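Atoms considered below: every heavy atom in the structure, side chains included; atoms not considered: hydrogens, waters and symmetry mates. All figures in this text were calculated on a predicted structure; none of them were measured in a lab.
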Amino acid sequence: MPPHMLDFPLLLSTLYERAVRIYPHQEVVSVNADGSLYRSTYGETDDRVRRLAGALDRLGIGRGEVVGTLAWNTHRHHEIYWATANTGRICHTVNLRLSADHIRYIIDHGRDRAVFISGDMVEAAERLAPDLPGVEYWIMLDGDPDATSLPGAVAYEDLISDPAYAGSWPELDERSPHMYCYTSGTTGNPKGVAYTQRSTYMHALSGIVFCPLAARDNIMPVVPMFHAAAWGHPFMAITAGCKITYPGHDLSAEGLVNLIEGERVTFSAGVPTVWLAVQHYLEAHPERDTSSIRSFMCGGSAVPRAMIDWYWRARGIRVIQGWGMTETNPVATFSMLRPEMEDWDWERQLDFIETAGLLIPGLRAKIVDDEGRELPQDGEAFGELLVQGPWVAAEYIRDPRTAETMVDGWLRTGDVCKITPEGYIRVTDRAKDVIKSGGEWISSIDLENLIMAHPKVAEAAVVGVEHSRWQERPIALVVPHPGGEVRDEELVDHLRGKVADWWLPDAYVAVSEIPKTSTGKFDKKVMRDRYGSFLSDRP
């Protein structure tokens with residue numbers, strides 16, 4: 001039987017071309033390295049994207065070959081995203097916050113032929129370059145190529161100075177990769193995931209439908225473009241025709257509020273630590289105008305209920321918690337309310353808004369026990385979350401660890417979750433972080449959220465440490481608000497009655513900061529290493 005519909009490939013260039021044609025005057029704003037603002041349009045950016053595509057031709061970097069980036073969220077990084085995606089090349093975004101050894105491994109493993117680098121990464125690149133003979137060109141997004149020892153150094157603006165790439169974007173295989181993203185590598189070397197034309201196309205469309213975005217919006221991706229493609233927002237923004245505001249390297253609370261106020265940002269995305277800092281800044285500067293922003297996505301680690309509550313009550317901003325992984329391209333859930341919930345009182349709504357949320361259309365999920373048996377989605381049973389769908393990775397790039405994570409068509413997430421009858425996923429812990437005390441489970445995430453609801457607490461992290469009787473017991477690392485302190489008894493009184501008594505941490509440790517990973521998550525491994533014997537001498 002002949003096909004009833006045209007077998008048309010799902011290519012990112014199709015979404016891009018439509019946006020440039022319909023919204024040529026839509027703005028792209030970016031913060032330069034010196035703090036000044038760069039202002040352009042979709043139409044003007046298209047000329048630069050085409051010039052870069054032509055420059056890659058001249059460098060001899062062909063379809064299917066890889067270029068790396070060590071860069072912040074800027075208009076130039078945006079141009080690299082699209083010049084590679086539209087021509088069948090692969091953009092390999094390297095997390096510049098990783099250790100030198102991991103950066104070296106990632107660039108070598110990705111087989112990058114050229115690397116685009118921000119000026120503040122030049123010294124680090126000079127130390128890495130001798131061990132990366134496969135990198136033929138180091139392309140400086142800012143800075144002077146004559147002032148560096150990097151081989152094949154060239155200035156970005158010089159590279160794209162020749163006439164633009166002409167003609168139509170090539171027709172590609174929709175299953176071909178356009179981006180490599182690597183995990184943060186907290187244990188072992190980072191693992192690489194290839195995002196394909198098809199997977200990102202479908203992820204972008206499903207994302208903007210479920211968490212609506214439109215051409216009237218101004219999106220500010222705070223989550224780095226080297227962290228799982230800024231959670232897909234550069235692709236969603238172009239698909240919807242949004243104005244885009246890139247914050248560059250200044251992710252301070254004041255810098256972000258300046259952009260929200262000055263550029264009238266309507267939607268943003270970032271990790272909880274970013275938005276906690278912005279909250280504290282706004283509490284100290286209530287005169288700042290954030291009226292343009294209606295919501296922001298928050299993810300990467302558990303979002304404190306108290307923070308969600310504050311933004312809504314104090315600023316009328318809805319915090320949308322999201323969950324995902326590098327392996328899910330990356331967003332898999334949004335904490336959107338179902339229609340019948342819109343009339344509920346705020347506290348009842350919060351019970352669902354504080355969860356990881358509902359699956360994005362196109363995905364499936366289940367929870368299983370240690371033997372792999374599927375558990376009921378009743379809001380009580382908890383087990384490891386497994387997901388599958390058209391933008392979920394089926395394998396890692398040249399990595400035997402695929403077999404540990406991708407099983408029978410499902411991705412093992414490593415997150416311990418409950419799923420409510422309404423379909424909301426509640427992450428109770430990472431499998432490696434859940435605390436087992438005397439044979440019973442304690443959720444570190446639930447404890448962290450409750451402790452951070454205390455008015456004197458800025459941040460809190462809970463980890464399980466060795467105990468002679470109970471095997472493991474929780475302790476809490478607590479960062480008080482600047483200039484303040486919080487007594488242990490206050491925290492115990494705050495928690496008592498909200499959790500079972502045996503959940504209460506055995507100790508509260510005041511710290512000036514909590515160790516974090518390169519992506520802004522609490523680094524539980526470092527905490528366990530540092531405090532593992534903290535309770536060893538206690539009864």
Side-chain angles (χ1 to χ4, degrees), residues 97-99 184-187 251-254 270-284 298-308 310 427-430 432-437 442-468 470 472-496 498-499 502-538:
R97 292 172 176 158
L98 291 177
S99 68
S184 54
T186 53
T187 56
L251 303 183
S252 67
E254 182 177 12
V271 296
T273 49
V274 166
W275 299 117
L276 283 167
V278 171
Q279 175 187 335
H280 299 153
Y281 175 81
L282 291 174
E283 287 173 330
C298 192
S301 58
V303 181
R305 180 184 177 110
M307 187 187 81
I308 300 172
W310 183 88
V427 179
T428 60
D429 241 321
R430 289 290 292 167
K432 60 187 178 184
D433 294 333
V434 71
I435 301 165
K436 194 169 186 179
S437 179
I442 298 173
S443 169
S444 66
I445 290 176
D446 287 351
L447 283 173
E448 288 164 358
N449 279 331
L450 287 169
I451 296 170
M452 283 192 278
H454 193 286
K456 292 184 179 180
V457 174
E459 283 190 320
V462 174
V463 291
V465 301
E466 296 174 5
H467 192 277
S468 58
W470 302 111
E472 272 193 322
R473 288 296 299 158
I475 68 168
L477 307 185
V478 179
V479 180
H481 279 296
E485 62 176 330
V486 55
R487 293 180 291 109
D488 292 3
E489 308 86 74
E490 294 177 275
L491 294 173
V492 172
D493 290 343
H494 173 70
L495 290 175
R496 199 176 298 279
K498 298 183 176 72
V499 297
W502 59 272
W503 272 42
L504 295 174
D506 280 20
Y508 302 87
V509 184
V511 295
S512 59
E513 63 178 353
I514 293 172
K516 296 182 178 68
T517 69
S518 61
T519 54
K521 302 176 185 179
F522 292 155
D523 197 332
K524 299 289 182 78
K525 182 178 183 296
V526 169
M527 294 179 221
R528 285 191 293 267
D529 289 345
R530 190 173 297 170
Y531 295 95
S533 59
F534 191 83
L535 300 177
S536 59
D537 297 327
R538 299 193 177 196

(request) Could you list all the side-chain hydrogen bond (donor to acceptor under 3.5 Å, both in side chains) pairs where at least one residue sits in residues 449-458, not counting sequence neighbours? (result) K456-E490
(message) Whether the side chain of R473 engages the backbone of W502 through a donor-acceptor N/O pair (distance < 3.5 Å, no angle test) should be reported.
(response) yes
(message) If you define the side chain from C-beta out and look only at heavy atoms, does anything of I435 sit under 4.5 Å from V462?
(response) yes
(request) Could you point out which residue of E466, E472, H467 forms a side-chain contact (heavy atoms from CB on, under 4.5 Å) with W470? (result) H467
(request) Would you confirm whether T428, through its side chain, and S443, through its main-chain N or O, come within 3.5 Å as a donor-acceptor pair? (result) no
(request) For residues R530 and P515, report the shortest heavy-atom separation together with the two atoms involved. (result) NH1-CG, 3.7 Å
(request) List the steps, then state whether side-chain contact (heavy atoms from CB on, under 4.5 Å) holds for Y508 with V492. (result) CA-CA 9 Å; Y508 302 87; V492 172; 3.7 Å; yes
(request) Work out which heavy atom in M452 is nearest to a heavy atom in P304; give both atom names and the distance. (result) CE-CG, 3.6 Å
(request) For residues I475 and M527, determine if any side-chain heavy atom of one lies less than 4.5 Å from a side-chain heavy atom of the other. (result) no
(request) Write down the atom of V511, the atom of Y531, and the distance for their closest heavy-atom approach. (result) CG1-OH, 3.7 Å
(message) How long is the straight-line distance from CH2 of W275 back to CD1 of I308, given to the nearest 0.5 Å?
(response) 13.5 Å
(request) Mark yes or no for whether K498, through its side chain, and L447, through its backbone, hold a donor-acceptor pair below 3.5 Å. (result) no
(request) First locate atom CG of D523, then atom OG1 of T517, and finally report the distance between them rounded to the nearest 0.5 Å. (result) 6.0 Å
(message) Any non-hydrogen side-chain atom of K516 less than 4.5 Å from a side-chain atom of R97?
(response) no
(message) Working to the nearest 0.5 angstrom, can you tell me the gap between S437 OG and W503 CH2?
(response) 11.0 Å
(message) For a 4.5 angstrom cut-off between non-hydrogen side-chain atoms, does L491 reach I451?
(response) yes
(request) Heavy atoms only: give me the nearest P480-A458 pair and the separation to one decimal. (result) O-CB, 3.8 Å
(request) Write down the atom of L450, the atom of V499, and the distance for their closest heavy-atom approach. (result) CD1-CG1, 3.4 Å
(message) Using only atom types and a distance under 3.5 Å, with no angle test, would you say the side chain of K524 pairs donor to acceptor with the backbone of F522?
(response) no
(message) If I compare all heavy atoms of G299 with all of P272, which pair ends up nearest, and what's the gap?
(response) O-CD, 3.2 Å
(message) Under the side-chain hydrogen bond (donor to acceptor under 3.5 Å, both in side chains) definition, can you give me all pairs with a residue in residues 475-488, not counting sequence neighbours?
(response) R487-E489
